[in-house]
Number of protein chains: 2
Amino acid sequence: MAERTSHRAAPEHVHPDEVPVLTALAALADPVRIRLVRELAGSPEWSRSCGSFDVPVGKAALSHHFAVLRGAGLVEQRDEGPKRVNRLRRAEFDARFPGLLALVLREEPAL
Amino acid sequence: MAERTSHRAAPEHVHPDEVPVLTALAALADPVRIRLVRELAGSPEWSRSCGSFDVPVGKAALSHHFAVLRGAGLVEQRDEGPKRVNRLRRAEFDARFPGLLALVLREEPAL
DNA sequence: GGGAGTGTATGGTTTTCATCGAACACTCTG
DNA sequence: CAGAGTGTTCGATGAAAACCATACACTCCC
């Protein structure tokens, strides 16, 4: 019947426009999530699966962090085969919170 | 000997230039502190004592919140008689984190 | 279909943080 | 100098959040 290829529940996304400032700030006020955002910003879109990030946490915690980033409108995810690949919502997030992403990405590689 | 009028320990300040992004974000990722910053932004400098803010916490917690804001380079304090009056470090903080303060002050009065 | 690879969900532990009450320190005024 | 007003410090409590290990669900490839 040629419906969909994936029978997996699609990840629920939140558009940055619906995100309160407090939520956005709280999402970025964490060292692990900052590293995720920075690494993601340095890679082409849809090129990184969740497990491909260099952060010192187990995969359960990692999955949680991505859920938080999704809930803050920072990350978009799509299922691609067995992997879930990511994209930083640069334009949309910057339209809602101008300059915020730039602050996080700028300098301070060691945090 | 005409030294100083106050024998009280002056509050320790941190200049925004020495503040890591993570610290700044964490300081602003709190509802009470956001209200403090917003109220402070709407008042003339040095016009507000710590106790004059309309937040639903006791004075102990309030004192703690001001310490966090100081540590993030957001607020400057000066002793004036028995009171401790405050000033939002607009220019300095904005030079270090351009646009961040604007995001917090903009819109969303109810958070 | 079995098995490896990948991510999510659950339950429980640990850590962090906001909060309060009470005690203390300092300033001004009567 | 006694007392009211203001803010900080201390110890304890409670809630929130990060984390892990395990178990589960789904996809692909052999």
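Since the model is a prediction, treat every value here as computed from it, not as a measurement. Chain letters run A, B, ... following the sequence lines, proteins first and then strands; every chain starts at 1.
A sub-4.0 Å separation between OP1 or OP2 of D/dG7 and a side-chain N or O of B/H64 is absent. Residue A/H65 places no side-chain N or O under 4.0 Å from the OP1 or OP2 atom of D/dA17. Between B/S49 and D/dG7, a side-chain N or O to OP1/OP2 separation shorter than 4.0 Å is present. Applying the 4.0 Å criterion to OP1 and OP2 of D/dT8, one finds that B/R84 has a side-chain N or O inside that range. Between A/R8 and C/dT6, a side-chain N or O to OP1/OP2 separation shorter than 4.0 Å is absent.
Of the residues A/R70, A/R48, A/R87, A/R84, the one that meets the salt bridge (charged side-chain N to carboxylate O under 4.0 Å, His left out) test with A/E76 is A/R87.
As rounded to whole Å, 14 Å separates atom C1' of C/dT8 from atom CG of A/N86. Note: CD (A/E12) to P (C/dT8) measures 12 Å, nearest angstrom. Look at NZ on B/K59: it is 12 Å from C1' on C/dC26, rounded to the nearest Å. Atom-to-atom, CD1 of A/I34 to P of D/dA18 comes out at 13 Å; the value is rounded to the nearest Å. Summarising the geometry, the separation between NE2 on A/H7 and P on D/dC24 is reported as 22 Å, rounded to the nearest angstrom. The distance from atom CG of B/L62 to atom P of D/dG5 is 18 Å, rounded to the nearest whole Å. In this structure, CG of B/L36 is placed 14 Å from C1' of D/dG7, rounded to the nearest angstrom. As rounded to whole Å, 11 Å separates atom C1' of C/dT19 from atom CG of B/D30.
Side chains of B/L25 and A/D30 form no contact here, defined as non-hydrogen atoms less than 4.5 Å apart. A/T23 has its side chain out of reach of A/V14: every pair of non-hydrogen atoms, C-beta onward, lies at least 4.5 Å apart.
The residue B/D79 sits apart from the nucleic acid: no heavy atom pair falls under 4.0 Å. A/K83 comes within contact range of the sugar-phosphate backbone alone, with a heavy-atom separation under 4.0 Å but no base atom that close.
When all heavy atoms of B/A26 and B/R33 are compared, the closest pair comes out as O-NH2, 3.4 Å.
Taking the nucleotide of DNA chain D with the nearest heavy atom to each of A/G58 and B/R70, the more 5' of the two is matched to B/R70. Each of A/P82 and A/A60 was matched to the nucleotide of DNA chain C holding its nearest heavy atom; the match closer to the 5' end belongs to A/P82. Sequence order on DNA chain C of the closest nucleotides to B/R33 and A/Q77 puts A/Q77 first from the 5' end.
Side chain of A/R90 to backbone of A/A41: a donor-acceptor contact under 3.5 angstrom is found.
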